[in-house]
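Just below is one structure, and these are the notes that go with it.
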Number of protein chains: 2
Amino acid sequence: MSKLPATLTVGELSARSGVAASALRFYEERRLIAAERTTGNQRRYPRHTLRRVAFIRAAQRVGLSLEEISQALANLPENRTPTKADWTRVSRAWTERIDRQIADLEQLKRKLTGCVGCGCLSLRTCALSNPDDEQGAYGSGPAWLPTPEGDRRTGLVAVAAGRAAG
Amino acid sequence: MSKLPATLTVGELSARSGVAASALRFYEERRLIAAERTTGNQRRYPRHTLRRVAFIRAAQRVGLSLEEISQALANLPENRTPTKADWTRVSRAWTERIDRQIADLEQLKRKLTGCVGCGCLSLRTCALSNPDDEQGAYGSGPAWLPTPEGDRRTGLVAVAAGRAAG
DNA sequence: CCTTGACTTCAACCTAACTTGAAGTTTTAG
DNA sequence: CTAAAACTTCAAGTTAGGTTGAAGTCAAGG
């Protein structure tokens, strides 16, 4: 007589994870999670999906895209619960990533202080207004973030604060 | 006999600032910069626009949205070159902002370490997968960044790394 | 004067990560 | 059995910060 149902409906998973049902469907579409179906075609999530969703949200907070999270999940064991070793490995990578972000911000701060000293803010000369020291010609594409972290060449990270004014 | 032309064409401004002409037009549309027009309707930017563009790019690196930059620019003197005092004031605000971002990242890191210790990653219980400790019900809207900085209530910042794979 | 390169506007597209809504189906409580 | 709540799919919209392209106009050199 298990009190825990073997599977969860979207609504239940949503309620327990704090993630909107629409987002869960979106994750499924992107193959980050999967569900069985009832005869009536409704989703039933195995319970370990809860942990998987937690992983996704945590990874997002560290700054990973869903694409990257997808790959990270692929590196974790498919069906068994991740061991402490698995988790340690992942967390080391995440910590490094966070450290890189912090380092970048601190560099930016130093530049900012420097620019106050020199009172500059002149283009090309000023370190602050120049992403890396090379200007222009990012290549094409949307370039929708001001500073490309791009490939992990230099590792300057762009920080975007969302939801301007409610 | 001034060697410096009084105004710049878009092409010139683009070349000297490293910002694409299309972006400059976009900034103009958003009223971050302005241009006079020739009789033939072509843009001619006053030279101080160079500095203004530098300011915009620098502010973006600090993580301000164009909306916020617009307000910051409104706080700066309209037509005179900003004094060192102006610049110091701005830079202090920016530094604080960067510091907040760093603090947030460090908190995230601590949580990450903590989660390794406890091996958890359980929803709601795990600090890492929960943005602030309150879950769900962000309100409506696109919510396209996982963690809302929202109004400056708590100040948790979402870091987004762009341009997944070139 | 004429060609070429630089410029103009405007609309449509791009990314990421979702949300919203319409129209219809399933489950479940009573 | 029925009504309501919960679910289904699918298309279209949202945000920010631009880019791309078409179709046409301006400016400068020869």
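Chain A is the first sequence line, chain B the second, and so forth, proteins listed ahead of strands; every chain is numbered from 1.
Helical stems involving DNA chain D, defined as 3 or more consecutive Watson-Crick or G-U pairs under 3.5 Å, span C:1-30 with D:1-30.
Regarding B/L8, its CG atom lies at a distance of 15 Å from the C1' atom of C/dA6, rounded to whole Å. For the pair A/F26 CZ and D/dG13 C1', the computed distance is 14 Å after rounding to whole Å. Counting to the nearest Å, the C1' atom of C/dC18 and the CG atom of A/L66 are 9 Å from each other. When rounded to the nearest whole Å, the span between CD1 of B/I33 and P of D/dG17 equals 15 Å. Rounded to an integer number of Å, the gap from OH of B/Y45 to P of C/dA6 is 16 Å. Taking atom CD on A/E67 and atom P on C/dA16, their separation rounds to 8 Å, with Å as the unit. With rounding to whole Å, A/R30 atom CZ is found 10 Å from C/dT15 atom C1'. Between the CD atom of A/E28 and the P atom of C/dA17 there is a distance of 17 Å, rounded to whole Å.
Distance alone, capped at 3.5 Å, is enough to place a donor-acceptor pair between the A/S14 side chain and the A/V19 backbone. With hydrogens and angles ignored, the 3.5 Å screen pairs a side-chain donor or acceptor of A/S17 with a backbone N or O of A/L13. Side chain of B/R52 to backbone of B/L32: a donor-acceptor contact under 3.5 angstrom is found. A donor-acceptor distance shorter than 3.5 angstrom exists from the side chain of A/E12 to the backbone of A/T9, with no hydrogens or angles considered.
Closest non-hydrogen pair, A/L105 versus B/I102, comes out as CB-CG1, 3.7 Å. When every heavy atom of B/L73 is checked against every heavy atom of B/I56, the shortest pair comes out as CD1-CG1, 4.2 Å.
Contact check, A/Y27 against C/dA17: no side-chain N or O comes under 4.0 Å of OP1 or OP2. Look at B/T38 and you'll find a side-chain N or O under 4.0 angstrom from OP1 or OP2 of D/dA27.
In this structure, B/Y45 and B/L50 have side chains that are not in contact, with every pair of non-hydrogen atoms separated by 4.5 Å or more.
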Below 3.5 Å between N/O atoms, which protein atoms pair up with nucleotides 8-12 of chain D? Just atom names and distances, please.
unit_1, atom_1, unit_2, atom_2, d
D/dT8, OP1, A/R43, N, 2.7
D/dT8, OP1, A/R43, NH1, 2.9
D/dT8, OP2, A/R43, NH1, 3.2
D/dT8, O5', A/R43, NH1, 3.4
D/dT8, O3', A/R37, NH1, 3.4
D/dT9, OP1, A/R37, NH1, 3.2
D/dT9, OP1, A/R37, NH2, 3.1
D/dT9, OP2, A/R43, NH1, 3.0
D/dT9, OP2, A/R43, NH2, 2.7

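Mapping B/T39 and B/I56 onto DNA chain D by nearest heavy atom places B/I56 at the nucleotide closer to the 5' end.
Among the heavy atoms of the strands, none lies under 4.0 Å from A/A21.
Among C/dC7, D/dC7, C/dT20, the nucleotide with an atom closest to any side-chain atom of A/T9 is D/dC7. Counting only heavy atoms from C-beta on, B/Q60 has its side chain closest to D/dG17 among D/dT20, C/dT19, D/dG17. With C/dA17, C/dT19, D/dG17 as the candidates, the nucleotide lying closest to the side chain of A/S65 is C/dA17.
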Exercise for the section: Evaluate the salt bridge (Lys or Arg N to Asp or Glu O under 4.0 Å) criterion for residues A/E28 and A/R43: first the C-alpha distance (whole Å), next the side-chain angles of each, then the deciding distance (0.1 Å), finally the verdict. Expected result: CA-CA 10 Å; A/E28 187 175 335; A/R43 290 173 180 82; 2.7 Å; yes
Exercise for the section: Show your reasoning for whether side-chain hydrogen bond (donor to acceptor under 3.5 Å, both in side chains) applies to A/E68 and A/S65. Expected result: CA-CA 5 Å; A/E68 290 170 308; A/S65 66; 3.3 Å; yes
